[in-house]
**Student:** 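The structure's right below; bear with me while I get my questions together.
Lettering of chains follows the sequences in order, A, B, ..., and the numbering in each one begins at 1. These values consider heavy atoms only, across backbone and side chains, with no hydrogens, waters or symmetry-generated copies.
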There are 2 protein chains.
Amino acid sequence: MAGPISARRHHEDEANVEAVPILEEFIGYNLKRAYMIVQADFRRALGDEGLAPRVFSALALVVQFPNITQSGLARLLGIERSGLVALVDELERRGFLKRTQVRGDRRVQALVATSAGEKALDETLAAVRAHETALLSGLSASEKEVLLTLLQKIRVMEAS
Amino acid sequence: MAGPISARRHHEDEANVEAVPILEEFIGYNLKRAYMIVQADFRRALGDEGLAPRVFSALALVVQFPNITQSGLARLLGIERSGLVALVDELERRGFLKRTQVRGDRRVQALVATSAGEKALDETLAAVRAHETALLSGLSASEKEVLLTLLQKIRVMEAS
DNA sequence: TATTGTTATACTCTATAACTATA
DNA sequence: TATAGTTATAGAGTATAACAATA
């Protein structure tokens with residue numbers, strides 16, 4: 001098998017043209033491929049002015065859990081505290097939340113959504129739901145439910 | 001609700017302490033959280049000298065599809081051609097594959113795994129299987145199968 | 001004109017480590 | 001000593017745009 005091969009078959013080895021990649025057996029590989037598709041469609045659907053996925057996630061948690069601290073938010077999102085600073089900066093710059101002092105512990109800055117932030121979340125929630133509905137129209141409601149449950153199970157397992 | 005809040009409840013708003021985040025309804029969010037867990041465990045399991053996930057993926061495809069081109073490999077992996085250069089460089093530097101000339105089309109460099117590459121893939125496959133088995137021990141065989149099928153369905157939908 | 005491999009470049013996301021001010 | 005927020009920094013991983021060689 002040494003030396004140059006024929007151009008006629010340089011794209012794939014003919015014996016394997018129909019083979020299913022071994023990779024397909026791995027959850028990790030399939031998770032990544034699916035994640036890339038969904039997040040790319042999220043960005044496309046929300047546009048250049050829209051919130052990035054992680055900014056949307058942070059805003060949703062701040063609205064739902066008023067006065068959450070940055071450390072608490074980082075824990076909920078599963079990222080480091082340092083990664084939150086730019087994210088909260090962006091939400092504050094957009095006028096969607098405020099850092100507020102906490103009486104009794106001056107280290108802490110509680111995060112509080114503004115009414116503009118709540119409105120932006122409502123609109124973004126609708127856009128994100130529309131994006132997922134359209135993108136995942138090939139999955140039935142019960143398939144989506146099963147998928148959610150299994151993905152959440154991975155997270156719960158890891159936490160224990 | 002203006003002004004500083006009490007330190008006693010600065011971590012969460014008491015009314016929402018037990019609430020399930022709205023985020024949990026989204027496939028995208030849950031995909032990302034699960035993906036981050038699995039890929040972090042992959043890296044931990046394979047160690048600093050081991051292959052990174054995407055390098056493992058590329059090697060697996062080159063071994064299974066001898067003489068695949070870089071463009072073909074990029075297409076299979078769902079990434080841009082430009083992103084493959086450093087990746088193939090690493091595999092070549094490790095001695096796991098060779099770029100070979102193709103007779104009849106001098107633009108193309110077919111990728112061929114070396115025997116060291118095949119051996120490395122065998123060992124890495126075993127390590128990756130062990131990592132997924134251990135990490136996902138909370139999922140039954142049928143749950144894993146369902147999860148794989150649903151994730152692949154997202155990819156197939158997107159391709160059409 | 002189109003394609004392959006490549007380079008240059010930039011952007012997003014993440015992590016680690018260290019700092020400060022507080023506790 | 002420990003914690004909250006912050007900064008600096010670096011490292012993956014990805015994309016876009018352009019180029020030379022070749023088709």
**Student:** Could you please name the option among C:dT6, C:dC13, C:dT4 that lies closest to any side-chain atom of B:Q70?
**Tutor:** C:dT6

**Student:** Output the single nucleotide from D:dT16, D:dT6, C:dG5 whose closest atom is nearest the side chain of B:S82.
**Tutor:** D:dT16

**Student:** Send over the distance from A:I68 CD1 to D:dG5 C1', rounded to a whole Å.
**Tutor:** 15 Å

**Student:** Provide the closest heavy-atom pair for B:G117 versus B:V63 in the form atom of the first, atom of the second, distance.
**Tutor:** O-CG2, 4.4 Å

**Student:** If you compare every side-chain N and O of A:R75 against the phosphate oxygens of D:dA4 (OP1, OP2), does one of them come in below 4.0 Å?
**Tutor:** no

**Student:** For the side chain of B:S71, counting heavy atoms from C-beta on, which of C:dG5, C:dC13, D:dG13 is nearest?
**Tutor:** C:dG5

**Student:** Could you tell me how far apart A:I79 (CD1) and D:dA4 (P) are, to the nearest whole angstrom?
**Tutor:** 15 Å

**Student:** Indicate the atoms forming the closest heavy-atom contact of B:L51 with B:L46, along with that distance.
**Tutor:** O-CD2, 3.6 Å

**Student:** For a quick test of reading the model, state the closest non-hydrogen atom pair linking A:K144 to B:I27 and the distance between them.
**Tutor:** O-CD1, 3.9 Å

**Student:** What is the separation between atom CZ on B:R81 and atom C1' on C:dT3, rounded to the nearest whole Å?
**Tutor:** 7 Å

**Student:** Could you check A:G83 against A:R106 and say which one's nearest nucleotide on DNA chain C is further toward the 5' end?
**Tutor:** A:G83

**Student:** Using a distance-only criterion (donor-acceptor N/O pair, under 3.5 Å, no hydrogens), is the base of C:dT3 paired with the side chain of B:R107?
**Tutor:** yes

**Student:** Would you mind reading off the distance between B:E80 atom CD and C:dA8 atom P, rounded to a whole angstrom?
**Tutor:** 18 Å

**Student:** Between A:K32 and D:dT14, is there a contact of a side-chain N or O with OP1 or OP2 at under 4.0 Å?
**Tutor:** yes

**Student:** For residues A:Q70 and A:R99, is any side-chain donor paired with an opposing acceptor at under 3.5 Å?
**Tutor:** yes

**Student:** Confirm from the modelled atom types if B:R54 and D:dG13 form a donor-acceptor pair under 3.5 Å, side chain to base only.
**Tutor:** no

**Student:** Would you mind reading off the distance between A:N67 atom CG and D:dA4 atom P, rounded to a whole angstrom?
**Tutor:** 16 Å

**Student:** What is the distance, rounded to the nearest whole Å, between atom CD of A:Q109 and atom P of D:dA4?
**Tutor:** 13 Å

